[in-house]
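A short worksheet on the structure shown next.
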Amino acid sequence: PAFGLFIFTIARDPLRIIILIAGAFFWLVSLLLSSLIWFIAVKASDPQDERLQKGLLIFGVMFSVLLQEAFRFLYYKLLRKAIEGLVALSEDGCSPISIQQMAYVAGVGFGLMSGAFSMINLLADALGPGTVGIHGDSQLYFLTSAFMTMVLIFLHTFWGILFFHGCEHRRWWEIAAVVIMHLTVSGLSFCNPLYVGSLVPSYLLMAAAAAWAYLLSGGSAQNLRRFLLCKC
């Protein structure tokens with residue numbers, strides 16, 4: 001369902017496709033830089049010290065989150081300049097795409113690239129060696145990983161809307177809320193293999209972020225009710 005966001009809302013608009021690909025590129029660059037920092041830290045440390053290695057892993061995850069949000073801010077700045085250019089070039093003085101639409105598409109770009117890398121890692125694990133659950137561990141690894149990938153794609157979409165809205169209206173607490181939610185969801189992954197401890201809170205945060213993004217985008221309870229009842 002998460003990858004359907006691209007097919008049903010973006011695929012027919014060339015400008016949205018460009019924004020999505022650029023957003024995916026920004027996320028990819030942030031991952032590359034954070035991976036490089038983590039790799040150097042691991043190589044420079046004692047590989048026999050398990051406590052230190054675990055601490056470096058936690059540092060790597062948290063640093064990656066902060067770097068992703070920093071690149072989300074840079075991408076907002078870039079899109080803001082792009083809107084000014086589009087307005088200057090248009091005949092009617094209006095941009096062909098609003099900042100709210102850009103926020104949505106940029107969020108989908110971040111989410112799809114994040115989901116693609118999660119699926120690649122999952123498929124790599126599926127190749128073996130070994131069998132999931134052979135030592136008494138949960139056999140739901142692949143299923144829960146798929147659900148976690150889906151929730152991250154949706155969360156990045158909603159975070160994009162919230163983050164851009166906070167930047168646009170200088171509501172820094174909205175930006176801080178996005179960073180905190182991102183850190184929380186990433187930190188919950190350390191609860192695994194207790195998958196309930198990571199999936200349930202993540203989906204609750206997704207529901208809260210979805211409702212918040214819907215309201216900031218101009219939605220209302222009346223519009224939602226009319227949509228659910230299929231009323232024009």
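Numbering of residues begins at 1 and proceeds along the displayed sequence. What you see below is based on every heavy atom in this structure, not just the backbone, and it leaves out hydrogens, waters and symmetry mates.
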[X] and [Y]: same hydrophobic cluster, using ILVMFWY side-chain contacts below 4.5 Å?
{"X": "L205", "Y": "F147", "result": "yes"}
{"X": "F190", "Y": "L183", "result": "yes"}
{"X": "M62", "Y": "L57", "result": "yes"}
{"X": "V42", "Y": "F39", "result": "no"}
{"X": "I18", "Y": "F25", "result": "no"}

Note, [X] side chain near [Y] side chain (heavy atom, < 4.5 Å):
{"X": "M206", "Y": "L155", "value": "yes"}
{"X": "L32", "Y": "L28", "value": "no"}
{"X": "W212", "Y": "E174", "value": "yes"}
{"X": "L67", "Y": "I37", "value": "no"}
{"X": "M113", "Y": "L31", "value": "no"}
{"X": "F164", "Y": "V178", "value": "no"}
{"X": "V185", "Y": "M148", "value": "yes"}
{"X": "E69", "Y": "F73", "value": "no"}

H156/R72 under side chain to side chain contact (heavy atoms under 4.5 Å, CB included): CA gap, chis, key distance, verdict: CA-CA 10 Å; H156 270 293; R72 199 193 302 272; 3.1 Å; yes

Would you confirm whether [X], through its side chain, and [Y], through its main-chain N or O, come within 3.5 Å as a donor-acceptor pair?
{"X": "T184", "Y": "I180", "answer": "yes"}
{"X": "S114", "Y": "F110", "answer": "no"}
{"X": "R16", "Y": "V105", "answer": "no"}

Residue pair Y75, M102: steps toward the side chain to side chain contact (heavy atoms under 4.5 Å, CB included) verdict: CA-CA 10 Å; Y75 192 41; M102 283 187 170; over 6 Å; no

Hey, could you give me the [atom1]/[atom2] distance between [X] and [Y], rounded to the nearest 0.5 Å?
{"X": "S186", "Y": "I58", "atom1": "OG", "atom2": "CD1", "value": "12.5 Å"}
{"X": "L216", "Y": "R171", "atom1": "CG", "atom2": "CZ", "value": "7.0 Å"}
{"X": "L20", "Y": "D13", "atom1": "CG", "atom2": "CG", "value": "11.0 Å"}
{"X": "T149", "Y": "L112", "atom1": "OG1", "atom2": "CG", "value": "12.0 Å"}
{"X": "Y104", "Y": "F158", "atom1": "OH", "atom2": "CZ", "value": "9.0 Å"}
{"X": "S145", "Y": "L199", "atom1": "OG", "atom2": "CG", "value": "8.5 Å"}

W38 CH2: over 12 foreign heavy atoms closer than 6.0 Å: no

[X] and [Y]: which non-hydrogen atoms are nearest, and at how many Å?
{"X": "C167", "Y": "I175", "value": "SG-CD1, 3.5 Å"}
{"X": "G160", "Y": "A103", "value": "O-CB, 3.7 Å"}
{"X": "A106", "Y": "L79", "value": "CB-CD1, 4.3 Å"}

Under the side chain to side chain contact (heavy atoms under 4.5 Å, CB included) test, residues paired with S217 that sit two or more places apart: I161

All ring pair (Phe, Tyr, Trp, His ring centres under 6.0 Å) counterparts of F117, not counting sequence neighbours: W27

